[in-house]
Amino acid sequence: MIYSLTDWPVVPMEFGAGKTPFDDPDTLFQVKWDGVRCLAYSYPDGIRLFNRKLNERTAQYPELAASLCSLGPGTVLDGEIVALGAEGKPDFPRVLRRDLARSQVRIGLAAKSVAVHYMVFDILWLNGEALYPLPIEQRLERLYGLRFQSNFIQAVESVQESGKALFAAVDAEGLEGIVAKKKGSVYRIGQRTEDWQKIKCFRDIDAVIGGFLEESGRVRSLLVGIPEEDGLLYIGSAASGVKQREWSLLKNIFAGMPGPCPFKNKPTQPDARWVQPKVPVHLRFLEYTPEGVMRAPAVVEFPGGLQ
């Protein structure tokens with residue numbers, strides 16, 4: 001299908017799932033930034049931002065729209081909006097605070113407390129010229145030729161051939177992973193293809209238990225969250241990794257500490273049981289979903305033990 005400017009916004013190209021890092025002279029490798037996928041469109045009357053589901057997010061990130069105002073009309077960039085945590089690493093729950101803000105009051109408060117960066121990794125149109133049918137090397141050449149007005153807008157660098165080394169460096173820094181992009185590949189709007197592969201690192205996180213699910217009178221899953229300034233942020237449920245003895249200990253502990261729902265974003269499970277958020281848990285997971293929930297979480301340990 002041939003796309004024109006009248007088709008804006010468009011559904012972005014999606015990544016296939018890679019399994020292990022590799023080296024290949026016919027592949028470009030980039031850091032996978034842990035953020036919110038967003039395409040920036042330069043319309044004649046200004047910049048507009050849309051996520052992968054074509055929901056507009058211009059109001060949520062006014063500083064990014066302002067920083068991109070020098071783009072010529074008819075330009076479209078693809079990238080990730082990220083927020084950095086205390087250690088200077090991308091923090092997905094933190095950027096989600098910006099992305100989920102709806103009222104003007106909440107948007108304003110979030111903008112003051114959470115700074116964001118736009119990590120640009122591709123360009124689909126430039127000044128009205130369609131670049132998406134061109135090989136990735138040509139698109140990146142045009143992207144790297146742009147000059148942005150703010151340090152909060154960054155073009156993602158590409159590494160030739162050495163995927164294993166880049167993955168090792170990313171893993172050592174505790175980042176999300178890498179992406180592998182086949183040389184000569186075009187940008188396939190609205191498609192998922194193996195021309196792009198994301199290779200993920202497992203990540204660790206310290207959380208607290210705020211609730212649980214039962215089955216036949218037994219605890220079967222833990223509802224966990226991370227403390228933030230305005231409350232406990234729910235990030236998912238975990239059952240894998242818990243030993244049978246630990247399930248029994250947890251049931252006894254929970255019986256003595258019932259409470260109201262501690263999560264500011266209340267989980268939707270209708271049969272959830274709530275507890276006071278006092279029991280810490282260390283988890284390992286693959287990635288966050290776009291909704292901010294852990295994918296493939298497993299309990300590593302209960303720091304300090306279960307008393």
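If you look at Y288 and F92, their ring centroids are closer than 6.0 Å. Note: Y43 and W8 meet the aromatic proximity criterion, with ring centroids under 6.0 Å apart.
In terms of the salt bridge (Lys or Arg N to Asp or Glu O under 4.0 Å) criterion, residue partners of E214 (sequence neighbours excluded) are, by chain and number, R273. In this structure K200 satisfies the salt bridge (Lys or Arg N to Asp or Glu O under 4.0 Å) test together with E176, E287, sequence neighbours excluded.
Side-chain contact between P90 and L84: present, with at least one pair of heavy atoms (C-beta onward) separated by less than 4.5 Å. Counting heavy atoms from C-beta on, the side chains of V179 and F29 never come closer than 4.5 Å. Here the side chains of R57 and D99 are in contact, with some heavy-atom distance below 4.5 Å. You'll find the side chain of L306 reaches within 4.5 Å of the side chain of V279, heavy atoms only. Using a 4.5 Å heavy-atom threshold, the side chains of F167 and C201 count as touching.
Note on ring orientation: taking the six-membered ring where Trp is involved, the planes of F15 and W196 are tilted (angle from 30° to 60°). Ring planes of F254 and F212: parallel class, angle under 30° (limits at 30 and 60°).
Y144 and S158 share a side-chain donor-acceptor pair at under 3.5 Å. Side-chain N/O atoms of Y187 and D78 include a donor and acceptor closer than 3.5 Å. Side-chain contact check for T193 and Q191: no donor-acceptor pair (N or O, by modelled atom type) lies under 3.5 Å. In summary, the side chains of S67 and Q149 do not present any donor paired with an acceptor at a separation below 3.5 Å, with no hydrogens or angles considered.
Salt bridge D34/K89: absent, no basic N to carboxylate O contact under 4.0 Å.
Applying side chain to side chain contact (heavy atoms under 4.5 Å, CB included) to I205 and the options V300, V281, I235 leaves one that passes, I235. The only member of R188, R37, K53 that meets salt bridge (Lys or Arg N to Asp or Glu O under 4.0 Å) when paired with E14 is R37. Screening E137, Q30, Q197 against K181 for a side chain to side chain donor-acceptor pair (under 3.5 Å) leaves a single residue, Q30.
Side-chain atoms of D7 come within 3.5 Å of backbone N or O of S4 as a donor-acceptor pair.
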*asked:* Is there a side chain to side chain contact (heavy atoms under 4.5 Å, CB included) between I189 and M13? Walk through the geometry before answering.
replied: CA-CA 5 Å; I189 291 173; M13 179 174 172; over 6 Å; no
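Tracing side-chain contacts under 4.5 Å through hydrophobic residues (I, L, V, M, F, W, Y), one never reaches V224 starting from V208; they form parts of separate clusters.
The cationic group of R48 does not satisfy the cation-pi geometry with Y41, failing either the under 6.0 Å distance to the six-membered ring centre or the 45° limit from the ring axis.
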